[in-house]
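Please read these numbers as outputs of a predicted model, since none were measured by experiment. Start at 1 and go down the list; that is how both ligands and their atoms are numbered.
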Amino acid sequence: MKRIIGKNLIISLSILFITIAIAVIISVTLIHSKTLNNSLTKKNIKNSDKLILGFSQIGSESSWRTRNTQSIFEAAADNDIQILFDDAQQKQENQLKAIRSFIVYQVDVIAFVPIVEDGWDNVLQEAKDAGIPVILVDRQINADPSLYAGFLGENGVEEGRRAARYLVNKCKNRSGDINIFEISGTENSSIVEDRARGFREIISTNSKFKIIHSENGDFLRSRGKEIGDILLASNVLENGNTTNTIYYNKQKIDVIFSHNDSMTLGFLDSMEAHKINPKGKGTIIISIDGEQECIDAMIAGKINCVVECNPNHGQMLMALVKQIARGEPIPRITYNYETVFTEDDNFSKYDPRGY
Ligand code: AHR
């Protein structure tokens with residue numbers, strides 16, 4: 001009897017031992033395959049040992065933007081950095097999705113152009129938790145600064161100040177009110193807010209400068225034309241002719257301040273459609289970006305001043321990506337070089353703009 005009980009005990013212990021051993025083998029296999037799967041995800045998109053940069057662009061609303069994207073691709077190729085690219089087609093929700101997919105792919109660095117200022121905290125926290133550094137390009141955000149490594153782009157406040165300084169100087173001998181019609185870009189974007197702030201800071205030093213209307217043209221040429229069409233319809237007189245003076249709510253407009261070249265060009269398209277000669281107009285036109293087409297329009301006497309916004313961020317971005325990959329900190333803010341072009345410049349000394 002005792003022998004039977006002993007035998008059963010030995011059998012039970014053996015079964016228990018075999019079960020535990022199988023369980024251990026299964027869990028070790030599962031843990032191993034999860035690691036393999038993760039490294040496979042990264043390997044799938046990796047050519048070699050190149051650094052991988054996940055880059056989310058907001059779209060292609062202007063020639064400026066197209067050049068901005070090109071510059072980043074060119075510089076990535078020069079620096080042997082692989083890009084995972086996403087075009088958000090002007091939607092923040094697409095940018096959020098793109099950033100989340102970069103996190104899943106375990107890219108080395110994420111860079112993105114934030115279309116608007118707010119709503120980034122959660123996704124940036126996710127990138128931080130995954131140990132992936134983030135660089136903001138071109139536009140800034142309202143978020144805890146510890147959630148991203150740094151910003152690279154233009155100084156929007158200074159661009160606005162430059163536009164206003166040109167105007168103040170141009171009108172230094174004029175008395176009476178100077179009425180300004182502003183065409184701004186994407187709402188709740190840092191660039192629009194910065195340019196508007198810098199512009200107002202300078203014109204507010206003289207009460208003759210008055211912004212009589214401000215309208216959002218979404219940085220699009222089509223919207224610049226639309227805004228022009230509505231405004232200029234009132235310029236057509238009863239006899240079918242047009243006046244060269246532009247009015248808004250019966251107030252004469254002295255200045256058009258447009259936040260980008262695309263909208264300015266759209267506005268010029270509308271002037272031409274309404275047979276208003278932009279050369280003979282009494283309106284000062286100030287634009288921002290520095291696209292070749294706008295510089296040509298300035299040479300032709302249609303625009304008075306173009307404040308440069310430099311889209312060539314590529315080489316500077318790749319330098320920052322490599323710095324981060326070496327484990328070095330990057331500056332909180334890196335500004336690109338920018339200048340101002342005016343109707344009085346000698347254009348023979350300028351190289352083609354390239355955008
Ligand atoms: O954020 C930069 C602005 O966005 C440029 O002025 C404009 O052309 C672009 O669409």
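- The atoms of ligand 1 that sit less than 4.0 Å from any heavy atom of Asp138 are 1 (O), 2 (C).
- Looking at Gln140 and Ser190, their side chains never bring a donor and an acceptor atom within 3.5 Å of each other.
- At the shortest separation from atom 3 (C) of ligand 1 among protein heavy atoms lies Arg139 NH2, 3.8 Å.
- A cation-pi contact links Arg332 to Tyr148, judged by a cut-off of 6.0 Å to the six-membered ring centre and 45° from its axis.
- Of all protein heavy atoms, the one closest to atom 6 (O) of ligand 1 is Asp289 OD1, 2.6 Å.
- At a 4.0 Å heavy-atom cut-off, ligand 1 touches Arg195 through the side chain alone.
- Tyr350 and Gln292 share no donor-acceptor pair across their side chains, judged by distance under 3.5 Å alone.
- Every atom of ligand 1 with a heavy atom of Glu61 under 4.0 Å away is listed here by number and element: 4 (O), 9 (C), 10 (O).
- Side-chain contact, Glu215 with His213: a donor N or O sits under 3.5 Å from an acceptor N or O.
- Within ligand 1, the atoms closer than 4.0 Å to a non-hydrogen atom of Glu154 are 1 (O), 2 (C), numbered from 1 in the order shown.
- Contact annotation: Ile288 has no heavy atom less than 4.0 Å from any atom of ligand 1.
- With values rounded to the nearest 0.5 angstrom, Asn336 atom CG is found 6.0 Å from Glu338 atom CD.
- Tracing side-chain contacts under 4.5 Å through hydrophobic residues (I, L, V, M, F, W, Y), one never reaches Trp64 starting from Ile115; they form parts of separate clusters.
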